[in-house]
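Read through the structure below, which is laid out as structure tokens, and then see the notes.
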Amino acid sequence: MSGLEDIRRLYADYQEQFRQRERARKPMEGVFGLGTGPRDYPCHDQFVQELEQLLNAIAAQRPDSAQAARMLDYIYLAPLERGREDAVYWMLLAVHSLTLPFIPLLDPQDAQALYDSFCASYSRRKRLPSQEQLLADLRKRAEGK
């Protein structure tokens, strides 16, 4: 199984776990800080831990630039498929920082393509600081550094 397939499966499992928790949530749970709400679900931390482990395992295999670019493209665009309606969106943005070790594996052309796609997908005013670091690293790699 390829790394991209594993990542897609992990993302799908995470989103399904979130949906299950939402369906089981009681009315008004988490409102006004009472009880736990969607931000407190354990599936978020579990997703980050599993994704980090998976990315470390994939990085250890030293994928070629094209494989790395496909994985990064999926990870970078995944939040846009959800919209901003729930906590999953924000977690999918936050895990962008886990991809930094893959940038040195990219050819300059692949780094430039990812940079261009990211800039077109996320407005400058709405980017997280970790995304700005990601873009800076992609830009350097695109310049061959």
Side-chain angles (χ1 to χ4, degrees), residues 1-25 29-31 33 35-145:
M1 187 175 301
S2 79
L4 180 55
E5 290 172 11
D6 292 336
I7 291 169
R8 284 184 175 161
R9 180 174 294 127
L10 180 61
Y11 272 63
D13 290 348
Y14 166 52
Q15 293 180 54
E16 181 55 31
Q17 288 173 14
F18 182 81
R19 281 190 292 273
Q20 287 174 359
R21 289 294 304 238
E22 282 291 276
R23 285 191 294 268
R25 188 167 62 147
E29 183 179 14
V31 176
T36 61
R39 292 182 190 165
D40 301 318
Y41 295 163
C43 60
H44 301 305
D45 289 335
Q46 180 183 348
F47 169 68
V48 173
Q49 291 171 2
E50 290 177 2
L51 181 61
E52 187 171 26
Q53 290 171 355
L54 178 57
L55 291 176
N56 287 338
I58 294 168
Q61 296 173 5
R62 305 281 301 164
D64 65 27
S65 179
Q67 291 170 318
R70 283 191 297 275
M71 289 185 303
L72 296 181
D73 187 56
Y74 177 81
I75 291 169
Y76 297 159
L77 298 180
L80 302 176
E81 294 175 8
R82 276 205 75 83
R84 305 176 115 199
E85 77 272 4
D86 58 32
V88 170
Y89 171 82
W90 297 104
M91 188 56 66
L92 296 180
L93 285 180
V95 298
H96 285 171
S97 63
L98 297 177
T99 66
L100 292 173
F102 284 88
I103 293 175
L105 302 176
L106 298 171
D107 293 338
Q109 306 88 299
D110 289 331
Q112 184 65 52
L114 285 167
Y115 177 87
D116 293 341
S117 173
F118 200 97
C119 288
S121 299
Y122 296 98
S123 92
R124 176 174 284 183
R125 291 178 289 141
K126 295 181 182 178
R127 291 181 198 147
L128 301 174
S130 61
Q131 291 175 311
E132 291 296 340
Q133 180 61 52
L134 173 74
L135 283 173
D137 289 0
L138 282 170
R139 186 83 205 134
K140 286 179 191 172
R141 188 66 195 125
E143 294 169 353
K145 298 178 185 174

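Between the Tyr14 side chain and the Leu92 main chain, no donor and acceptor come within less than 3.5 Å of each other. A distance-only check finds no donor-acceptor pair linking the side chain of Asp107 to the backbone of Gln109 [under 3.5 Å].
Heavy atoms from other residues, nucleotides or ligands lying under 6.0 Å from CZ of Arg23 number more than 12.
Side-chain contact of Asp137 with Gln133: a donor-acceptor pair under 3.5 Å is present, judged by distance alone.
Contact between Phe102 and Pro63 at its shortest, heavy atoms only, is CE2-CG, 4.1 Å. In this structure, Ala142 and Ala111 approach most closely via the heavy-atom pair N-CB, 3.7 Å. For Arg127 against Cys119, the heavy-atom pair with the smallest separation is NH2-CA, 3.6 Å. When every heavy atom of Ala69 is checked against every heavy atom of Leu106, the shortest pair comes out as N-CD2, 3.7 Å. Residue Gln17 comes nearest to Cys43 through the heavy atom pair OE1-CB, 3.4 Å, listed as atom of the first residue, atom of the second, then distance. Nearest approach of His96 to Ile75, heavy atoms of both residues: NE2-O, 3.2 Å.
With contacts defined as side-chain heavy-atom distances shorter than 4.5 Å, the pair Leu135/Tyr122 does not qualify.
Ring orientation note: the planes of His44 and Tyr41 are close to parallel, at an angle under 30° on the 30°/60° scale.
In summary, of the residues considered (Leu4, Leu114, Asp110), a side-chain contact (heavy atoms from CB on, under 4.5 Å) with Asp73 occurs for Leu114 alone.
Note that OH of Tyr76 and OG of Ser117 are 10.5 Å apart. Values are rounded to the nearest 0.5 Å. Separation of atoms CG (Leu77) and CZ (Phe118) is listed at 9.0 Å; rounding is to 0.5 Å.
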Please set out all donor-acceptor pairs under 3.5 angstrom arising from side-chain atoms of residues 45-61, sequence neighbours excluded.
residue	atom	partner	partner atom	Å
Gln46	NE2	Glu50	OE2	2.9
Asn56	ND2	Glu52	O	3.2

Between Arg141 and Gln112, is a side-chain contact (heavy atoms from CB on, under 4.5 Å) present by the stated rule, with each step listed? CA-CA 8 Å; Arg141 188 66 195 125; Gln112 184 65 52; over 6 Å; no
Intermediate values then yes/no, side-chain contact (heavy atoms from CB on, under 4.5 Å), Leu134 and Ile103: CA-CA 9 Å; Leu134 173 74; Ile103 293 175; 3.5 Å; yes
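Residues Arg19 and Glu16 are paired through a salt bridge, judged by an N-O separation under 4.0 Å between the basic side chain and the carboxylate. With salt bridges taken as basic N to acidic carboxylate O contacts below 4.0 Å, one links Glu143 and Arg139.
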